[in-house]
Amino acid sequence: MFKTISCGDINRSHSGETVQLAGWVHRRRDHGGLIFIDLRDTTGIVQVVFDPLETPGVHKIAETFRSEWVLLVGGNVSLRPEGSGNPNISTGEIEVRATTVEILNQSKTPPFEIADESTIDELLRMQYRYLDLRTKKMHDNIKLRHKVVKYIRDFLDSRAFIEIETPILTKSTPEGARDFLVPSRLNPGTFYALPQSPQQLKQLLMVSGFERYFQIAHCFRDEDLRGDRQYEHTQLDIEMSFVDENDVMELVETLYSSIVKDIAVDRIASDKFPRLKYDEVMEKYGTDKPDLRYELELVTLTDVIYKTGIRILTAAIDNGGIVKGLVAPGCAEYSRKDLDSLVSFVQTRGGEGLVYIALDKKAGDIKNLEMEHIRSPISRHLTTEQIIEIAKRADANPGDLILLAAGPAKLINTVMSQVRQEIADRLGLTNPKNLAFAFVTDFPLFEWDEDGNHWEASHHLFTSPWEEHWGLLDQDPGKMKARHYDLVCNGMELASGSIRIHNRQKQERIMEFLGYTKHQMEDRFGQILGALEFGAPPHGGIAPGIDRFMTLLTDHAESIRDVIAFPKTQSGADPLFNTPSSVTPEQLKELHIKVSENS
RNA sequence: GGCCCGGUGGUGUAGUCUGGCUUAACACACCGCCCUGUCAAGGCGGAGAUCGUGGGUUCAAAUCCCAUCCGGGUCGCCA
């Protein structure tokens, strides 16, 4: 071993000891006489002193040190002279007085400083990811991730779960997300697919009788990337036999609240996660993954607004749309600029616009509201009584700002849910230390797809409907509820799960309803349908995303890219490896692949 | 695929709207010299940028126009 102790582990109890350290030159402070080097390894930073009077030879070498050189330093730990301690670092009471030094490696001047406080272009960070990962910030993120994953493994192990690996080369199932395909060399013209999730595999493991399975699983989806979406992400895949939705939710609830309590100690979360119905959260928050750190509920105002006859709003209602409002408490004083930025916020997200009604707090009480207290582009189309009615319905008071948007329900919900988030940010209600977990339940089993003009499974087609809803399949499938539950937190979907169908006939009824022919069922799902015929136990599970969860646990993650060691850019590139890249004609030939000219 | 923001020495930014006062400014980093208690050390000096790329307009373009590439956000998409 090169070192007898790590930089960050030294403290005043080691005073007087002789140590050997290895690490990187974090910073150097050359006084001409004394030279101070902050030596950094993965545990932290310690100050090394090179004294020209005590060790002139070693001091001479130290004059050549530059940032990020790799050193092996021998020396004595000593308390710093009175008054020269550094309370900002854990090793600030002591220093190592160097007696020997060896340069293990030199470094070019790095393209950016290895420091947490610097903001560096993300492309450059990715091009030199191995340097970006040297920062304490990234070390902390990656180490915390390790801790969380280890905690999960220990937790589930202690509850009799078995971790089982499933293959990365699996079968393409064209529904859902786009698959990543891998050509088969031995079977020309055929392909494997990378798993979008081990869904069918874990169900098969339940049929195999393992009863409690989990896996830290890599999942692959060839869809556009975002701050919270990468081509490949890691999920905690869980499946259990002989359970109902409560068992699964309670397991996750205990696991997640324990992680917060034991690892992310600066985070605040409750032990019990509220359970909310899908219809209710869509109405109140406009999204199925609401941020519950604050209230700010949306209000449907379609009827009151329709009565006013204001054309710009009622036109949308005539076309089948809705009007939703949101009260921004105490924001009546918003400047024209503030308001304009909200309007364009809505417009850049596909909305027609945003109508505001500011109620001057001078009115005192809502009953005393007069026209002079109203600031709104639609005020001249409204009577005082109408404004009071709107305000009452929205539960707005003088001093508040009412925001209204009209249009198709889906769009308005999407946009207004984002306005809600934006207002909460502006009001400072989004403390990242608070983790507002909740389960969303009672999802519809199917969603109508306008474009394709057919029904789709809103979760996936293995999800069981409520037992008493099977009768609705032929009558009113849109009303069928699913045994499906999501874990949400701070406006993020963290996990999705369900109780599965474990009966072949029932599974085939769903597939048939979704438009599959017998032949297609057999071709795509033959393996799972077959397994369901051999004593498949009732089972269900859930799959929490690890990457998203990690961003909630750290202070230093702007996106999931900050909790993944080697992520990809929004266009799916890795600037470090410079991939995707072309391959040799020989490789293509072996794989029976021809690249078309016009691509 | 649509929309929005951004790209200026090694890094981070200013300058762009309103073309010329720019020999492109500032901070950090880098190089040299000075300096014995600093810790984002300090002082003095120095080097370093054809302003993402390609066209165009103009007497004149970092600045205006067109195209294109790259990064980020967002809608679609993500069972």
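In the text below, chain A, chain B and the rest are named by the order of the sequence lines, each starting its count at 1.
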Nearest-angstrom distance from the residue atom CD of A/Q196 to P of B/C77
16 Å
Is a donor on one side and an acceptor on the other found under 3.5 Å between the side chain of A/N319 and the backbone of A/G321?
no
Among A/Q199, A/Q215, A/K202, side-chain hydrogen bond (donor to acceptor under 3.5 Å, both in side chains) partner for A/D237:
A/K202
Detail all sub-3.5 Å separations between protein N/O atoms and N/O atoms belonging to nucleotides 67-72 of chain B.
unit_1	atom_1	unit_2	atom_2	d
B/G71	OP1	A/T569	OG1	3.0
B/G71	OP1	A/S571	OG	2.9
B/G71	OP2	A/S571	OG	2.9
B/G72	OP1	A/Q570	N	3.2
B/G72	OP2	A/Q570	N	2.6
B/G72	O3'	A/R561	NH2	3.1

Distance between C1' atoms of B/C33 and B/A47 (Å, rounded):
15 Å
Between N or O atoms, less than 3.5 Å apart, protein on one side and nucleotides 25-29 of chain B on the other: list the pairs.
none

So does A/R97 pair up with A/E54, basic N to acidic O under 4.0 Å?
yes
Using the C1' atom in both, what is the distance from B/U50 to B/G46, to the nearest Å?
22 Å
B/C26: pairing nucleotide in any strand, Watson-Crick or G-U under 3.5 angstrom
B/G12
Which whole-number value in Å describes the distance from A/I114 CD1 to B/U11 P?
13 Å
Let me confirm one number: the CD-CD1 distance from A/E93 to A/I10, rounded to the nearest 0.5 Å.
13.0 Å
I'd like the P distance from B/A49 over to B/C3, given in whole Å.
37 Å
Separation between the C1' atoms of B/G20 and B/G12, rounded to whole Å:
29 Å
What about A/Q47, does its side chain sit under 3.5 Å from the base of B/U38 through a donor-acceptor pair?
yes
Scanning all shown strands, the Watson-Crick or wobble mate of B/C3 with both distances under 3.5 Å is B/G73
Per atom distances to the A/L124 side chain, the nearest of B/U11, B/A40, B/G37 is B/U11
Look at the rings of A/F525 and A/Y516 and say which category their plane angle falls in: under 30° parallel, 30 to 60° tilted, over 60° perpendicular.
perpendicular
What's A/P111 touching, base or sugar-phosphate or nothing? Going by heavy atoms closer than 4.0 Å.
sugar-phosphate
Mind calculating the distance between CG (A/D228) and P (B/C77) to the nearest angstrom?
15 Å
My understanding is that a pair needs two contacts under 3.5 Å, Watson-Crick or G-U wobble. By that rule, which nucleotide pairs with B/A67?
B/U53
Could one point to a donor on the side chain of A/R229 or the base of B/C77 with an acceptor on the other under 3.5 Å away?
yes
Without decimals, in angstroms, what is the distance between A/Q418 CD and B/G76 C1'?
13 Å
Please work out if A/R548 contacts a base, only the sugar-phosphate, or nothing of the nucleic acid, heavy-atom cut-off 4.0 Å.
nothing
Euclidean distance, A/L576 CG relative to A/D132 CG, rounded to 0.5 Å:
11.0 Å
What string of B, S and - do you get for nucleotides 42-51 of chain B 5' to 3' if you count protein non-hydrogen atoms under 4.0 Å?
----------
Given atom CG of A/L131 and atom C1' of B/U11, what is their separation to the nearest angstrom?
13 Å
B/A60 to B/A24 separation - C1' atoms, rounded to the nearest Å:
16 Å
With A/Q196, the side-chain hydrogen bond (donor to acceptor under 3.5 Å, both in side chains) member among A/D179, A/D222, A/T170:
A/D179
Between the base of B/G76 and the side chain of A/R226, is there a donor-acceptor distance below 3.5 Å?
yes
If I take atom CZ in residue A/F36 and atom P in nucleotide B/U36, what distance separates them, rounded to the nearest angstrom?
11 Å
Complementary nucleotide of B/U18, counting Watson-Crick and G-U pairs under 3.5 Å:
none
Between B/C75, B/U11, B/A41, which nucleotide gets closest to the side-chain atoms of A/I120?
B/U11
Check whether the side chain of A/R80 and the base of B/U38 form a donor-acceptor pair under 3.5 Å.
yes
Provide the distance between the two C1' atoms, one in B/C34 and one in B/A41, to the nearest whole Å.
14 Å
Using the rule side-chain hydrogen bond (donor to acceptor under 3.5 Å, both in side chains), only one of A/E239, A/Q203, A/H539 pairs with A/R500; which is it?
A/E239
salt_bridge(A/R420, A/D425) N-O dist < 4.0 Å
no
Do the ring planes of A/Y130 and A/Y128 sit parallel (below 30°), tilted (30 to 60°) or perpendicular (above 60°)?
perpendicular
Would you indicate which nucleotide in B/C77, B/U36, B/C78 comes nearest to any side-chain atom of A/R221?
B/C78
Distance below 4.0 Å between A/R29 side-chain N/O and B/A41 OP1 or OP2
yes
Please determine, for the side chain of A/S84, which listed nucleotide (B/G12, B/C77, B/G37) has the closest atom?
B/G37
Could you work out which one of B/A41, B/C77, B/C31 sits closest to the side chain of A/R28?
B/C31
Any strand counts, and the cut-off is 3.5 Å on both contacts for Watson-Crick or G-U wobble. Which nucleotide pairs with B/G42?
B/C34
Nearest-angstrom distance, P atom, B/C28 to B/C44:
11 Å
Can a salt bridge be assigned to the pair A/R40 and A/E68 using a cut-off of 4.0 Å between side-chain N and carboxylate O?
yes
How would you label the contact of A/G545 with the nucleic acid (heavy atoms, under 4.0 Å): base, sugar-phosphate, or nothing?
nothing
A/L411 atom CG is separated from B/U74 atom C1', nearest whole Å, by 13 Å
Cut-off 3.5 Å, side chains only: do A/D41 and A/T43 have a donor facing an acceptor?
yes
Contacts of A/T119 and A/S458 projected onto RNA chain B by closest heavy atom; the upstream (5') one is A/T119
I need the CD1-C1' distance between A/I37 and B/C39, as an integer number of Å.
12 Å
Using a 6.0 Å cut-off, check whether atom CZ of A/F345 has over 12 heavy atoms from anything other than its own residue.
yes
Basic-acidic side-chain contact under 4.0 Å: A/R125, A/D562
yes
Going by an N to O cut-off under 4.0 Å, is there a salt bridge joining A/E422 and A/R426?
yes
For A/D449 and for A/P81, locate the closest nucleotide of RNA chain B by heavy-atom distance; then report the residue assigned to the nucleotide nearer the 5' terminus.
A/P81
Taking only the C1' atom of each, what is the distance from B/G73 to B/U16 in whole angstrom?
22 Å
B/A41 base stacked by A/H31? Criteria: ring centres under 5.5 Å, plane angle under 30°.
yes
